[in-house]
Amino acid sequence: MKKRYLALGLAVAMAVSSIAACGSSGSTKDTAAAGGETQAAAQGETQAAASSGGEIELSFPCIWVGSDSKAAVFGQMVEGFNTEYAGKYKVVIEEQTDYDLYRDKIRTQISTGDAPDIFTLDNMADLTLFASSGKLMDLTEFLASDEMASKFIDGKVDAAKIDGVNYGFPYEDAVIPIMYNKKLMDAAGAEIPTSYDELFDACEKLKASGVFPTTQMTANNAWTSMLWYSYAVAACGGPDAYKNGLDDPAFVKAAEIIKKMFDYTSSDAVGADATVVNGHFFNERAAIYTNGAWILGRIKSEGVEGLYDNLVVQPGLSYEGKNGNAYVNQVQAYFAAAKQDDPAKQEAVEAFFSYICDPDKVLELANSSGSLFAIAIDSTKLENPVQAEIVKQANEADFMIGHFQGSVSTPVANAFPAALEALVLGDITPEEFVEELKAADK
């Protein structure tokens, strides 16, 4: 049976990275709890806490700040929580604007026994590693409560369990289409491709027109090129490509594809980071791009005039007539918390998790950013037509597959950028590229 990912306009709720919450408190701008009795009770508890001087502060190093498309509305959510629980609970944001430095910070804090009260992480490998330290809060009972369990897409919370225990839960999901600038494609006489042969034909035409066909990078985690490689793995290996690990021939074939794609990108691709890649696509210097749905907000706000209106999103390409119409999907952010000795502080963490999982708040966050989440929001109320199209295509995809970074061990993911750079510079062959990745796991 085809796996259905999201349901648009049906009773099945939209899924993507997890959240949980109770709720009917409306917009994130509503800072009081709905309902007279509920509000009175909350105010009574807040007043009692304030009178005893017992406000509990929760530290939260947060990456959804600055230019992140979720920054404004998620910031309102935190402010709303702090207002509603003033005198009782307060979440203190520590702004983190560099994803790689943020990952290093969290890993260091966990290893030294000083885990933040609340934090996010972007892969199960780190969650599993951190859980083994004994420093994380057990959220299993909290997430299994009727109030919370009903807020998640079926199976999402269970998929995040480690040996039967939830040390975290998925919040934001990476639903990743391939994006095309239709205006640039039309000007070059290039068709929207459905296969890699058609892609490279389009790339030839785009290159001849003076436009960079694709956007590539090798710096940091080589994010967008890692996504392209993930789509190539899907096309060459199908839904079970990761099942046999890096011994599957799909990884060498995918390396051949990604190497060729670097023939159709900007001259600064080797050593480029996400800023360079985004700049080329946002400013219409490049025609084909891949990134998660969350980037839609930035395309609207930072892209040249008309770029968003010229976007066409599509699923993955086929290879030798097979494995097209796939979607790359991965949990983009898990929430976790430090293990607490103080029951009152654990209750504060749970209250915050409940608050940010309110379906109306999450809907507003989705509409403002283009991101997708695992709360059962009413997907018919999505205002972004491209976002809605991504949801529709994901529902209709022949299969879903994780991206490379989230589907391999941390050492292999960390080895990917350097190995990719060596591959595209011709220093190693596709076979040697895969061998380098294997070596990182030993």
Side-chain angles (χ1 to χ4, degrees), residues 63 96-108 121-126 129 174 176 178 212-234 236-237 241-242 245-246 248 250-281 286 288-292 295 328 330-333 401-442:
I63 55 175
Q96 307 289 319
T97 57
D98 186 296
Y99 280 73
D100 293 316
L101 292 178
Y102 171 76
R103 290 186 191 95
D104 291 341
K105 172 187 174 69
I106 297 300
R107 289 166 182 164
T108 299
L121 58 161
D122 60 7
N123 63 82
M124 275 297 291
D126 276 352
L129 178 64
I176 300 163
I178 298 176
F212 302 139
T214 72
T215 52
Q216 304 293 341
M217 60 184 285
T218 63
N220 299 333
N221 61 356
W223 175 253
T224 56
S225 292
M226 182 278 296
L227 296 178
W228 280 115
Y229 183 67
S230 305
Y231 263 119
V233 168
C236 296
Y242 294 107
L246 295 172
D248 193 299
F251 293 97
V252 171
K253 293 178 182 177
E256 294 169 354
I257 289 174
I258 193 68
K259 185 178 188 301
K260 186 173 181 179
M261 292 187 76
F262 270 77
D263 293 335
Y264 299 103
T265 190
S266 57
S267 59
D268 58 358
V270 174
D273 60 12
T275 301
V276 173
V277 165
N278 292 341
H280 286 320
F281 189 73
I288 309 174
Y289 173 76
T290 185
N291 213 333
I295 204 70
V328 168
Q330 196 84 22
V331 173
Q332 179 71 3
I401 191 167
H403 62 52
F404 183 80
Q405 179 178 289
S407 302
V408 297
S409 69
T410 299
V412 172
N414 290 342
F416 179 83
L420 176 65
E421 187 162 306
L423 173 69
V424 300
L425 289 174
D427 295 336
I428 58 175
T429 66
E431 291 79 9
E432 290 168 335
F433 166 81
V434 174
E435 289 303 316
E436 286 205 8
L437 297 179
K438 288 181 183 179
D441 219 11
K442 295 178 180 178

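Note that this is a predicted model, so its numbers are computed, not measured.
- Test I288, V328, T265 against W228 for side-chain contact (heavy atoms from CB on, under 4.5 Å) and you get one pass: I288.
- With contacts defined as side-chain heavy-atom distances shorter than 4.5 Å, the pair I178/Y289 does not qualify.
- Distance CG/D126 to CD1/I106: 10.0 Å, rounded to 0.5 Å.
- Using a 4.5 Å cut-off on side-chain heavy atoms (C-beta onward), W223 and M217 make contact.
- Between N220 atom CG and D100 atom CG the span is 4.5 Å, to the nearest 0.5 Å.
- Between Y231 and I401, every side-chain heavy-atom pair lies at or beyond the 4.5 Å cut-off.
- Side chains of Y99 and D122: no donor on one and acceptor on the other come within 3.5 Å.
- Here I63 contributes atom CD1 and K105 contributes atom NZ; the two are 13.0 Å apart, rounded to the nearest 0.5 Å.
- Expressed to the nearest 0.5 Å, how far CG of N278 lies from OG1 of T224 amounts to 7.5 Å.
- Within the 4.5 Å cutoff, the side chain of L420 has heavy atoms near those of the V424 side chain.
- For Y242 and F251, the ring centers sit closer than 6.0 Å to each other.
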Between Y229 and F416, does the side chain to side chain contact (heavy atoms under 4.5 Å, CB included) criterion hold? Intermediate values first, please.
CA-CA 10 Å; Y229 183 67; F416 179 83; 3.6 Å; yes

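- Evaluated for a side-chain contact (heavy atoms from CB on, under 4.5 Å) with I176, the options L227, I295, N291 yield exactly one hit, L227.
- Minimum heavy-atom separation, H403 to Q330: N-OE1, 2.9 Å.
- Across every non-hydrogen atom of T410 and A125, the tightest pair is OG1-CB, 3.6 Å.
- Among all heavy-atom pairs drawn from P417 and T218, the shortest one is CB-O, 3.4 Å.
- Electrostatic pairing of K259 and E256 does not count as a salt bridge here, judged by no charged N lying under 4.0 Å from a carboxylate O.
- Between N221 and Q405, the closest side-chain pair of non-hydrogen atoms falls below 4.5 Å.
- To the nearest 0.5 Å, the span separating CZ on F262 from CD on Q216 amounts to 4.5 Å.
- Annotation: side chain of D104 is in contact with side chain of R107 (closest heavy-atom distance under 4.5 Å).
- A distance of 10.5 Å separates OG1 of T214 from CZ of F212, quoted to the nearest 0.5 Å.
- Side chains of V412 and L246 form a contact here, defined as non-hydrogen atoms less than 4.5 Å apart.
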